[in-house]
Amino acid sequence: MSKNVRVRFAPSPTGPLHIGGVRTALFNYLFAKKHNGTFVLRIEDTDQNRFVEGAEKYIIDSLNWCNIPYDEGPGKEGTCGPYKQSERKHLYKKYADELIESGNAYYAFDTPEALDLHRKDHESKGKTFIYNWHNREKLSNSLSLTAQEVKTKLEAGDEYVIRFKSPQDETLHLKDIIRGNIKIDTNILDDKVLFKSDGMPTYHLANIVDDHLMDISHVIRGEEWLPSLALHIQLYTAFGWEAPEFAHLPLILKPTGKGKLSKRDGDKLGFPVFPLEYTSPEGEVSKGYKEEGYFAEAVLNFLAFLGWNPGTEQELFDLDGLVKAFELERVNKAGARFDPDKIKWFNHHYMQEQNDEAIAEEFQKQHQELATIDVNYIALVVGLVKERATFISDLWELSSYFFVAPTSYDEKASKKAFKEDTKDLMLQLVDVISNNLDFEVDTLQTEIKGWITDNNISFGKIMMPLRLALVGALQGPDVFEIMYMIGKQETLQRIDKVIATL
């Protein structure tokens with residue numbers, strides 16, 4: 001790639017960062033790292049009416065938790081700052097004026113009430129009102145008014161907007177890395193507002209100016225911005241600037257495959273759509289992947305496959321692997337269905353990859369019962385049971401008997417394990433265990449299995465009630481591992497208790 005790769009993720013701080021936004025950030029990050037480029041975070045906060053306190057911090061915390069940190073942005077100043085649009089607003093008026101001077105934009109003084117009347121008039125005739133070439137010279141703007149009238153209005157402080165002058169009877173030929181070549185008839189485009197008399201630019205102008213000034217080489221963003229591509233390319237042309245390359249990512253669809261994934265889908269079906277837990281200014285709490293027990297690696301691996309595939313059967317990738325494999329050309333046009341079960345599958349895999357000591361520390365924090373237990377012992381337990389766990393929160397149910405003796409016994413298992421001769425056999429087993437001086441896994445296995453074989457006893461007649469005594473159910477890892485872990489005295493006490501109870 002000949003030019004320096006610089007990409008940006010440009011969210012608005014209007015609330016929590018949706019999982020779709022994280023996917024956009026991830027694809028930008030992967031592309032930047034693949035080409036030894038720079039990943040920029042820009043906060044697009046020009047819409048002060050929708051600004052939410054704490055949202056910017058939430059965005060940064062989310063990117064850091066996901067392990068996709070930015071190279072330049074708020075708090076990591078590079079040469080193209082500041083990285084918040086509200087701190088750059090002094091820049092935009094100059095560029096809006098340039099467009100007016102070059103004849104690519106014009107002042108429009110129409111009041112909202114006047115525009116509403118035009119809209120209703122069109123609707124009554126079965127038409128759609130579009131502010132563009134076919135009616136702009138009949139409306140209140142610097143194309144229909146004299147230079148003196150415009151000057152008078154501006155000096156009087158009349159409210160205005162600056163609109164882009166979209167051309168008539170032209171065909172735009174646009175290129176998108178993911179979607180290929182696109183043709184647009186300019187006659188269907190409206191004259192978008194670029195700047196308002198309150199001194200604030202709209203998204204369209206600020207976005208183009210900032211991308212140019214920040215040397216952005218590739219704009220990788222969601223499909224919802226595809227309708228803006230025609231205007232953005234025309235703005236680059238109007239300024240005489242080289243446009244970046246564009247790639248519009250597919251939508252993330254609901255689990256049913258119909259419609260865009262929303263927060264309500266997560267609430268209804270019980271899965272998060274935000275990376276971190278979020279409390280709104282009104283006090284409403286939304287679930288986060290981190291707090292629900294997902295590993296960041298699992299979330300990233302899952303998100304990478306929402307709209308992209310490596311062209312092989314491989315599904316499990318760490319971040320370095322994703323960087324090496326990622327190609328924008330392998331991103332699909334079609335929407336990607338969000339599958340809550342698939343992300344659990346990824347989490348189960350990454351659970352197995354985690355260090356047992358790290359899981360043990362987190363497990364201990366989650367359960368008061370483990371507060372006084374040596375974390376090294378907990379780590380050994382984790383190693384024995386984690387293959388059946390998807391989340392750390394699953395571990396207590398899978399392993400509680402390593403820490404506390406069962407207080408009841410599974411009814412179905414009890415009927416299966418306890419027969420008429422079981423009590424006698426269990427009392428004999430107590431003698432075998434009591435006489436076993438070396439209480440190690442291999443010794444226990446050799447001694448107990450040897451005794452069973454020598455006495456012609458069916459293995460099930462011993463192993464089932466023994467497991468029931470130790471666990472309270474017919475589940476769990478190797479019986480001899482459990483015995484070794486809980487120790488000789490505890491093992492004998494549990495066998496005595498199951499004999500007395502059943």
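Any value given below was found using the heavy atoms of this structure, including those in side chains, with hydrogens, waters and symmetry copies removed.
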Under a 3.5 Å distance rule, please check whether [X] uses its side chain to pair with a backbone N or O of [Y] as donor and acceptor.
{"X": "Asn135", "Y": "Lys138", "value": "no"}
{"X": "Gln364", "Y": "Leu370", "value": "yes"}
{"X": "Ser142", "Y": "Tyr106", "value": "no"}
{"X": "His173", "Y": "Asn181", "value": "no"}

The reported gap from CD1 in Ile359 to CD in Glu357 (rounded to nearest 0.5 angstrom) is 9.5 Å
Report the C-alpha distance between Glu327 and Lys34 in whole Å, list the side-chain angles of each, state the deciding distance to 0.1 Å, and finish with yes or no for salt bridge (charged side-chain N to carboxylate O under 4.0 Å, His left out).
CA-CA 9 Å; Glu327 300 281 352; Lys34 170 108 184 180; 3.3 Å; yes
Carboxylate-amine/guanidinium proximity below 4.0 Å for [X] and [Y]:
{"X": "Arg179", "Y": "Glu223", "answer": "yes"}
{"X": "Glu72", "Y": "Arg6", "answer": "yes"}
{"X": "Asp61", "Y": "Lys57", "answer": "yes"}
{"X": "Glu315", "Y": "Lys342", "answer": "yes"}

Are there over 12 heavy-atom neighbours, none belonging to [X], within less than 6.0 Å of that residue's [atom1]?
{"X": "Lys260", "atom1": "NZ", "answer": "no"}
{"X": "Glu291", "atom1": "CD", "answer": "yes"}
{"X": "Glu397", "atom1": "CD", "answer": "no"}
{"X": "Lys76", "atom1": "NZ", "answer": "yes"}
{"X": "Glu53", "atom1": "CD", "answer": "no"}
{"X": "Glu369", "atom1": "CD", "answer": "yes"}
{"X": "Gln368", "atom1": "CD", "answer": "no"}

Can a donor-acceptor pair be found between the side chains of [X] and [Y] at a distance below 3.5 Å?
{"X": "Gln85", "Y": "Asp210", "result": "yes"}
{"X": "Asn132", "Y": "Ser166", "result": "no"}
{"X": "Asn141", "Y": "Asp110", "result": "no"}
{"X": "Thr152", "Y": "Glu149", "result": "no"}
{"X": "Arg221", "Y": "His248", "result": "yes"}

Over all heavy atoms of both residues, which pair between [X] and [Y] is shortest? Give the atoms and the distance, please.
{"X": "Glu242", "Y": "Tyr236", "result": "O-CD2, 3.8 Å"}
{"X": "Pro11", "Y": "Arg42", "result": "CD-O, 3.4 Å"}
{"X": "Leu139", "Y": "His118", "result": "CD2-NE2, 3.1 Å"}
{"X": "Arg337", "Y": "Leu306", "result": "O-CD2, 3.5 Å"}

Determine, step by step, whether Lys344 and Asp339 satisfy the salt bridge (charged side-chain N to carboxylate O under 4.0 Å, His left out) criterion, reporting the C-alpha distance in whole Å, the side-chain angles of both residues, the deciding distance to 0.1 Å, and the verdict.
CA-CA 9 Å; Lys344 285 181 182 173; Asp339 183 352; over 6 Å; no
Should the ring pair [X] and [Y] be called parallel, tilted or perpendicular, given that the plane angle runs from 0 to 90° and is split at 30 and 60?
{"X": "Phe239", "Y": "Trp241", "value": "parallel"}
{"X": "Tyr131", "Y": "Phe129", "value": "perpendicular"}
{"X": "Phe271", "Y": "Phe338", "value": "parallel"}
{"X": "Tyr289", "Y": "Tyr294", "value": "perpendicular"}
{"X": "Phe317", "Y": "Phe305", "value": "tilted"}

Just do the side-chain contact (heavy atoms from CB on, under 4.5 Å) check on Lys93 and Phe195 with the steps written out, would you?
CA-CA 8 Å; Lys93 179 71 165 71; Phe195 198 85; 3.4 Å; yes
Go through Asp45 and Ser86 one step at a time and tell me if the side-chain hydrogen bond (donor to acceptor under 3.5 Å, both in side chains) criterion holds.
CA-CA 6 Å; Asp45 57 349; Ser86 59; 2.6 Å; yes
One pair to check against side-chain contact (heavy atoms from CB on, under 4.5 Å): Ser262 and Lys254. What are the steps and the verdict?
CA-CA 7 Å; Ser262 72; Lys254 299 172 190 283; 4.3 Å; yes
Using the salt bridge (Lys or Arg N to Asp or Glu O under 4.0 Å) definition, which of the options Lys165, Arg163, Arg136 pairs with Asp191?
Arg136
Check: Leu99 and Leu235 side chains under 4.5 Å, non-hydrogen atoms
yes
Do the side chains of His349 and Leu316 get nearer than 4.5 Å, heavy atoms only?
yes
Between Tyr58 and Tyr278 (judged by ring centroids, cut-off 6.0 Å), do the two rings come close enough to count as a pair?
yes
